[in-house]
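Working notes, beginning with the structure itself.
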Amino acid sequence: MSANNPQIGRALYGILWGVAQQVITHGATFCMGILIARRVPTALYGFATFLINILLHACIFLSRESFRNACQREASSTDNRSQQARLNVSWLVIPFSLIAILPIASLTFSYFYSSPEVIASIGGEYNFHMMVLITCASAAIELLSEPLFIHARNLFLFRLRTATELCGVFLRSLIIFLYFYLYPTSSTSPNVLIFGYAQLAYSILVTCCYYVYFIFFSTNSPFPKLQTGLDPTALRNWLSFQGYSFVSYFLNEGQKIVLAKFTSLTDQGTFGIVTNLGSLVVRFLFFPVEQEGQILFSKIYHSSATTKDAGSKADAENLKRRADETWQIFCTLIRGMYLISLTFICFGTNYSSLFIDWFYPNYSLFSNASYLLTLYCFEVAVMPINGLTGSLVRATADDASVRIETFSLLVLTAIYLLFAVWAVNVMQAAGMIVASCLNMVLRTAFSMFLMRRYWRGSLDYRKMLPSVKMIGVFGVAWLVTRYSESLYKAGDLKGVLHV
């Protein structure tokens with residue numbers, strides 16, 4: 001690996017900023033989730049954490065993800081005109097999203113409106129209609145900043161993103177906190193619209209921050225120039241990734257969709273509590289590494305495209321060197337993720353009951369939250385491996401490989417959703433976790449198989465596996481903490497000794 005490669009240094013810098021951002025923003029979200037879970041009925045918490053998030057993520061993810069994957073790749077040329085042409089493509093996300101949000105919202109509306117439980121739990125049809133409108137408006141406003149976000153990522157402006165996200169999450173959390181603090185009686189009959197208004201405030205602030213920065217404080221203009229035209233490579237990539245993004249959404253959000261349709265709002269609320277607690281390490285560490293890793297893989301792997309004398313022996317050697325360097329970085333990152341995953345399995349599974357007792361005492365005796373959290377620890381453990389391998393494929397695959405992956409993921413999605421529906425009917429929320437684990441294992445295996453088709457360098461899978469010593473150490477630690485948990489009883493001093 002090139003020790004003097006500035007892109008590696010920038011990516012590591014970005015990962016550190018990303019971790020800092022995730023720790024602060026999602027730390028605030030976590031604390032707010034505890035506050036809300038203790039103050040509102042479980043069914044309403046299920047509506048806020050599932051149905052609203054399904055609609056919001058559908059509008060945002062399906063509109064922008066293909067543009068991010070296409071426009072965050074290295075441009076076909078390093079000259080200013082090619083960079084501007086790629087930037088012009090990113091601005092197509094705004095008209096595309098405004099067109100896409102309407103049918104997405106309509107499908108989501110018809111999918112959940114038929115449930116009397118949903119309507120009754122949020123105070124009637126008016127609140128439901130207003131929540132749909134507010135959520136769609138929030139998504140549309142947030143997508144107005146997407147071209148600027150892509151431009152900032154390509155320029156490695158990590159502090160801008162961190163500061164923007166911090167301000168937005170703080171405002172959203174503050175609005176919800178003040179609502180429950182100033183109106184304590186709202187805990188018995190809270191106004192569900194406060195969640196929508198808080199999200200709307202977040203979207204407005206984030207969008208304003210990006211525009212203010214690039215208009216008044218930056219010399220790198222992110223705005224389109226019609227005379228430059230559109231980058232044809234970025235357009236082809238966008239079309240290739242559009243189908244992939246659609247399939248990927250159902251793979252990522254299928255868990256919530258199935259639970260929202262086939263379980264009660266109370267079960268959804270319990271599952272939301274578990275994921276709020278269990279996914280802390282995912283949001284703190286895994287997401288920043290996955291996001292910045294994808295950019296780093298693309299910058300290094302595709303930077304060889306500018307090599308002169310394409311097709312020559314020297315060019316082939318350069319392609320192989322870039323591929324080997326990318327693979328070495330990937331293996332280094334994934335071994336670090338193994339360390340975190342094994343730590344989570346070792347301690348998370350044996351401390352789940354204690355965590356539920358401490359953070360959500362109302363749920364410790366009357367629900368299966370601790371059991372779900374134990375299972376969720378295994379799902380968290382396979383998330384980084386699936387996420388990093390997916391990032392590597394999205395960053396390096398050619399158009400033909402992306403089409404193959406899209407079709408294969410479509411098949412995997414159908415299998416996953418069918419199995420998930422069966423598992424939920426048999427095991428309730430626990431079945432959804434089992435289905436998600438199987439889904440991510442299959443996706444990881446397929447990503448590794450697909451890379452053999454187009455990879456320019458050598459693929460030594462042994463480099464990405466954890467050492468036997470590491471597995472042995474964590475195995476012994478798991479047995480010790482397992483024995484300690486057997487002595488633990490909720491509510492007495494042994495809980496402190498267990499820690």
Side-chain angles (χ1 to χ4, degrees), residues 5-26 60 63-75 77-94 97 141-171 202-225 228 231 234 237 283-303 329 333 391 394-395:
N5 193 326
Q7 294 172 340
I8 298 176
R10 286 182 175 182
L12 294 177
Y13 181 72
I15 290 175
L16 292 176
W17 271 103
V19 169
Q21 170 203 328
Q22 297 293 331
V23 168
I24 298 175
T25 58
H26 290 297
I60 293 178
S63 298
R64 76 183 182 188
E65 192 65 17
S66 56
F67 285 96
R68 284 191 177 184
N69 289 329
C71 297
Q72 288 180 170
R73 284 192 169 196
E74 189 71 9
S77 178
T78 57
D79 62 90
N80 293 333
R81 185 177 182 84
S82 297
Q83 299 287 346
Q84 182 62 48
R86 182 183 61 170
L87 179 60
N88 291 347
V89 173
S90 69
W91 280 91
L92 295 178
V93 69
I94 294 179
S97 63
I141 292 173
E142 186 172 343
L143 287 167
L144 292 176
S145 66
E146 186 61 23
L148 283 69
F149 174 89
I150 294 174
H151 189 57
R153 287 286 294 274
N154 287 329
L155 295 176
F156 295 98
L157 298 178
F158 303 113
R159 285 182 290 182
L160 171 62
R161 178 191 173 193
T162 301
T164 301
E165 291 287 334
L166 286 178
C167 293
V169 170
F170 177 78
L171 178 61
Y202 166 87
S203 300
I204 293 174
L205 181 60
V206 167
T207 300
C208 290
C209 285
Y210 276 109
Y211 277 93
V212 168
Y213 175 82
F214 280 107
I215 291 175
F216 297 104
F217 301 103
S218 176
T219 57
N220 294 294
S221 174
F223 299 104
K225 297 179 180 179
T228 307
D231 183 5
N237 289 336
R283 292 174 287 186
F284 286 175
L285 295 173
F286 294 165
F287 284 173
V289 173
E290 178 182 338
Q291 292 171 355
E292 306 307 331
Q294 179 175 341
I295 296 179
L296 178 61
F297 299 149
S298 177
K299 297 293 184 183
I300 295 178
Y301 190 84
H302 291 288
S303 60
I329 295 172
L333 290 176
S391 294
R394 290 192 299 271

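All figures in this text were calculated on a predicted structure; none of them were measured in a lab. Counting from 1, the numbers follow the sequence of the chain as shown. Every heavy atom of this structure was used, including side-chain atoms; hydrogens, water molecules and symmetry mates were not.
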- Closest approach of Pro222 and His151, non-hydrogen atoms and distance? CB-CD2, 3.5 Å

- Measure across Ser221 and Leu87 and return the closest heavy-atom pair with its distance rounded to 0.1 Å. O-CD2, 3.7 Å

- Are Phe297 and Leu333 side-chain neighbours, meaning at least one heavy-atom pair lies under 4.5 Å? yes

- Pairing residues for Glu146 by the salt bridge (charged side-chain N to carboxylate O under 4.0 Å, His left out) criterion, not counting sequence neighbours: Arg64, Arg68

- Residue list, ring pair (Phe, Tyr, Trp, His ring centres under 6.0 Å) with Phe67, at least two apart or on another chain: Phe96, Trp238

- List for me each residue that meets ring pair (Phe, Tyr, Trp, His ring centres under 6.0 Å) alongside Tyr213, sequence neighbours excluded, and say none if there are none. none

- Task: Mind checking side-chain contact (heavy atoms from CB on, under 4.5 Å) for Phe216 and listing every partner two or more places apart, or none if nothing turns up?
- Result: Val212

- Note on the structure: Of all heavy-atom pairs linking Asn220 and Ser218, the shortest is N-OG, 3.1 Å

- Item | Counterpart residues, side-chain hydrogen bond (donor to acceptor under 3.5 Å, both in side chains), relative to Tyr210 (two or more places apart) | none

- Not counting sequence neighbours, which residues clear side-chain contact (heavy atoms from CB on, under 4.5 Å) with Thr228? List them please. Arg81, Gln84, Ala85, Asn88, Lys225

- Item | Residue pair Asn154 / Phe149, side-chain heavy-atom distance below 4.5 Å | no

- Query: Who pairs with Leu144 by side-chain contact (heavy atoms from CB on, under 4.5 Å), at least two apart in sequence or on another chain?
  - Reply: Ile94, Thr207, Tyr211

- Task: Just jot down the side-chain hydrogen bond (donor to acceptor under 3.5 Å, both in side chains) partners of Ser391, sequence neighbours excluded, or say none.
- Result: Arg394

